[in-house]
Amino acid sequence: MASLQPVRGTHDLLPEAMRAHRRVIETAREVAERYGFDEMATPIFEFTDVFRRTLGDTSDIVTKEMYTFTDKGGDELTLRPENTAGVARCFISEGLAQDVPLKVFCGGPMFRHERPQKGRLRQFHQIDIEIIGVPGPQADVEVIAAGAAILKALGIGDLTALQLNTLGDAESRGKFRDVLVAYFNDHLNDLSEDSRDRLERNPLRILDSKDEGDRKIVAGAPDYADHLNQESADFFAGVTGGLDALDIAYTLDPKLVRGLDYYTHTAFEFTTTELGAQDAVMAGGRYDGLIGTMGGPETPGVGWAAGVERLVMLCGDPPPARRPVALIPIGEAAEAVALELSEALRAAGNRIDLGYGGNLNRRMKRANKIAAAAAVLIGEDELQRDVATVRDMETGEQEEVALAALEDHLARYR
RNA sequence: GUGGUAGUAGCUCAGUUGGUUAGAGCACCAGAUUGUGGAUCUGGGGGUCGGGGGUUCAAUUCCCCUCUACCACCCCA
């Protein structure tokens, strides 16, 4: 292996992989647009505080996964580990409160210093959508429906399943947290080491523990449904009612918890069994407190993010590249003609591969290798009669076409 | 971050119980075919056996460290 390696957890996107990648993003963007989401983008890095203050001081992302650095001007900056905080910052600094409800679609690279695995990279790509400024559950339903529609459009609706839960509003969440902490404190000695740590940082996470001993304790833990206040219960009923009306199937999962602090009410994940431990393919929820805690006007929000690499792995082979037409001049005079001709044909919308050197045999081989739909041969005799020999690479049939008619003739290969 | 499995040609792999020039298939290049691709045949290039150190007369093979990928945990998209 060469000593020159890509940085751990980063990938090159070679043309074939890039096509698969773009298909996912473009399909998602096109579907999201039908749901009324406009694409926008925020910078790839922000002041570190944007993430530190919003994701929660105890989250793994903030405590050990951020790519943080001091730039030459002395500013503390961080490569974004997720997109929502940046959108919220943009909402505040661009004064978008008057554009509410705001519906946006974003896509781009994210960075987390995690230990890489399949489906888990240090530079990875997400697409996400957000609705900001709608307090009611209709927005949650619309966001989930758009996500389901995207998965369906990608042909992987059957490979994913929607898990749904509610975290309640701030009041419910706080109360339930207290109840949970009290319960788990009674079983402190039987909890796993990880979960004792979680008890300090994010007690709700214990509900999701994979440790067998923990699971026994969790089985007897208080049920969140009993601790939701009326408003939270009504809100959740609005979400499930909307999904039912749209025939969007879901599984209620009381153990589904979000890792990031800013979530309230609805939490959901589209999961798959195809990717091992990295089973979440699209995940999100409501974040009513986020913009307020960042210092903006109290504004509700809901959205999700999906991992492009994970979606790509579910999607299978990418679409083939557009087949070019190989333009093959033979002889110096023909070279000069072909150079100008290639420009004209490209301007007309053709994908033209103008070969570089080599004899005819060699160039035909190249035409075959690049999967050319047709080869256009221009030699001395063709040149004298102002024609080209057009060979259909699929059938092997050839015909002479006047140079003036070439553009029309090649239209079939576009 | 913790534990585990693995790294031999561009790719998929074989092999070496430590011993001369490390192999195959596919891919690539050239020729057979100096104006015609795919098939076939012939020939060719390409490897510091992931990297570093140690043991040894001798290491791709044994030992240690390290890097990377993968699996589980953790976390999450």
Side-chain angles (χ1 to χ4, degrees), chain A residues 1-11 14 24 55 58-65 81-84 107-128 147 160 192-195 197-198 201-202 205 208-211 214 256-260 268-272 275-284 303-314 326 328-331 334 355 358-383 388-398:
Chain A
M1 182 174 291
S3 59
L4 211 48
Q5 297 178 329
V7 172
R8 185 177 202 192
T10 65
H11 274 178
L14 267 26
V24 165
L55 301 182
T58 59
S59 74
D60 273 27
I61 291 180
V62 169
T63 55
K64 48 197 185 203
E65 293 177 2
E82 58 96 43
N83 200 54
T84 305
M110 306 291 159
F111 306 85
R112 294 183 197 173
H113 190 99
E114 296 188 275
R115 182 141 173 184
Q117 257 175 257
K118 194 198 299 185
R120 191 165 84 177
L121 300 165
R122 289 185 172 180
Q123 176 179 332
F124 60 105
H125 298 78
Q126 286 188 336
I127 48 176
D128 69 282
T160 57
S192 68
E193 202 181 318
D194 277 338
S195 284
D197 186 42
R198 283 188 273 241
R201 294 164 40 225
N202 192 345
R205 275 239 160 264
D208 202 24
S209 175
K210 288 174 186 168
D211 182 89
D214 287 351
L256 175 61
V257 165
R258 304 279 67 205
L260 308 181
F268 63 89
E269 278 180 12
F270 285 90
T271 59
T272 179
L275 298 180
Q278 273 62 52
D279 62 346
V281 110
M282 176 183 281
W304 53 250
V308 175
E309 285 84 356
R310 291 183 186 179
L311 292 172
V312 165
M313 282 190 280
L314 293 180
I328 303 178
I330 305 134
N359 58 30
L360 180 58
N361 189 41
R362 185 184 155 85
R363 289 190 181 198
M364 285 303 290
K365 281 185 176 172
R366 171 168 168 83
N368 187 59
K369 189 178 168 187
I370 64 175
V376 176
L377 310 184
I378 303 177
E380 301 298 336
D381 31 323
E382 281 97 344
L383 213 47
T389 298
V390 178
R391 180 181 180 89
D392 185 299
M393 295 296 283
E394 206 60 53
T395 65
E397 286 169 17
Q398 296 191 175

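Proteins get letters first, then strands, A, B, ... in listed order; numbering begins at 1 in each.
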Assign each of A:His11 and A:Glu397 to its nearest nucleotide of RNA chain B by heavy atoms, then name whichever residue's nucleotide is nearer the 5' end.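 Checking each residue's closest nucleotide, the 5'-ward one belongs to A:Glu397.
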Using the closest heavy atom to pick a nucleotide of RNA chain B for each, name whichever of A:Asp194 or A:Met282 lands nearer the 5' end.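 Its nearest nucleotide being more 5', the pick is A:Asp194.
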Interatomic distance, [X] [atom1] vs [N] [atom2] [rounded to whole Å]:
X	N	atom1	atom2	value
A:Glu114	B:rA77	CD	C1'	9 Å
A:Asp208	B:rC75	CG	P	8 Å
A:Arg120	B:rU2	CZ	P	13 Å
A:Lys369	B:rC26	NZ	P	17 Å
A:Leu14	B:rA27	CG	P	19 Å
A:Ile378	B:rU36	CD1	C1'	15 Å
A:Asn368	B:rG37	CG	P	10 Å
A:Gln117	B:rC74	CD	P	11 Å

Tell me what [X] touches on the nucleic acid: a base, only sugar-phosphate, or nothing, going by heavy atoms under 4.0 Å.
X	value
A:Ala367	nothing
A:Glu380	base
A:Gly9	sugar-phosphate
A:Gly119	base
A:Asp279	base
A:Leu377	base

Taking only the [atom1] atom of each, what is the distance from [N] to [M] in whole angstrom?
N	M	atom1	value
B:rA32	B:rG38	P	13 Å
B:rC67	B:rC11	P	22 Å
B:rG46	B:rC29	C1'	10 Å
B:rC41	B:rA24	P	16 Å
B:rG52	B:rG7	C1'	16 Å
B:rC49	B:rG23	P	14 Å
B:rA14	B:rG25	C1'	11 Å
B:rA27	B:rA72	C1'	35 Å

Starting at CZ of A:Arg115, measure out to CZ of A:Arg122 and round the result to the nearest 0.5 Å.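 Between atom CZ of A:Arg115 and atom CZ of A:Arg122 there are 9.0 Å.
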Just verifying a value: how many Å separate A:Leu377 CG and A:Met364 CE, rounded to the nearest 0.5 Å?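 It comes to 6.0 Å.
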Is any side-chain N or O of A:Arg115 under 3.5 Å from a base N or O of B:rC71, one able to act as donor and the other as acceptor?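 Absent.
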Do A:Arg366 side-chain and B:rG37 base share a donor-acceptor contact under 3.5 Å?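 Checked by distance alone, the answer is no.
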Under the side chain to side chain contact (heavy atoms under 4.5 Å, CB included) test against A:Met110, which residue among A:Gln123, A:Gln126, A:His125 passes?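 Of A:Gln123, A:Gln126, A:His125, side chain to side chain contact (heavy atoms under 4.5 Å, CB included) with A:Met110 is met by A:Gln126 alone.
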Apply the side chain to side chain contact (heavy atoms under 4.5 Å, CB included) test between A:Lys118 and each candidate in A:Gln278, A:Met313, A:Glu309; give the one that qualifies.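 Exactly one option meets the side chain to side chain contact (heavy atoms under 4.5 Å, CB included) with A:Lys118, and it is A:Met313.
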Look through every strand shown and name the nucleotide pairing with [N] as Watson-Crick or G-U wobble, where both distances are under 3.5 Å.
N	answer
B:rG47	none
B:rU55	none
B:rC26	B:rG10
B:rU17	none
B:rC74	none
B:rU60	none
B:rA32	B:rU40
B:rU5	B:rA69

Under 4.0 Å: is that the gap between some side-chain N or O of A:Arg8 and OP1 or OP2 of B:rU68?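 Yes, because at least one side-chain N or O of A:Arg8 sits under 4.0 Å from OP1 or OP2 of B:rU68.
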Of the nucleotides [options], which has the atom closest to the [X] side chain?
X	options	answer
A:Lys365	B:rU36, B:rG37, B:rC73	B:rG37
A:Asn361	B:rU36, B:rA72, B:rG1	B:rU36
A:Arg198	B:rC74, B:rC73, B:rC70	B:rC74
A:Gln398	B:rC74, B:rG37, B:rU36	B:rU36
A:Lys118	B:rA69, B:rC71, B:rA30	B:rC71
A:Gln278	B:rC75, B:rU33, B:rA77	B:rC75

Taking all atoms of both residues into account, what is the closest heavy-atom pair of A:Asp392 and A:Glu394, and its distance?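 So the minimum-distance heavy-atom pair works out to OD1-N, 2.8 Å.
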Side chains of A:Asp211 and A:Ser192, donor plus acceptor under 3.5 Å: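 Not at all, the side chains of A:Asp211 and A:Ser192 share no donor-acceptor pair under 3.5 Å.
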Walk me through whether A:Thr160 and A:Met282 qualify under side chain to side chain contact (heavy atoms under 4.5 Å, CB included). CA-CA 9 Å; A:Thr160 57; A:Met282 176 183 281; over 6 Å; no
Go through the steps for A:Lys365 and A:Asn368 under the test side chain to side chain contact (heavy atoms under 4.5 Å, CB included), then give the verdict. CA-CA 5 Å; A:Lys365 281 185 176 172; A:Asn368 187 59; 5.6 Å; no
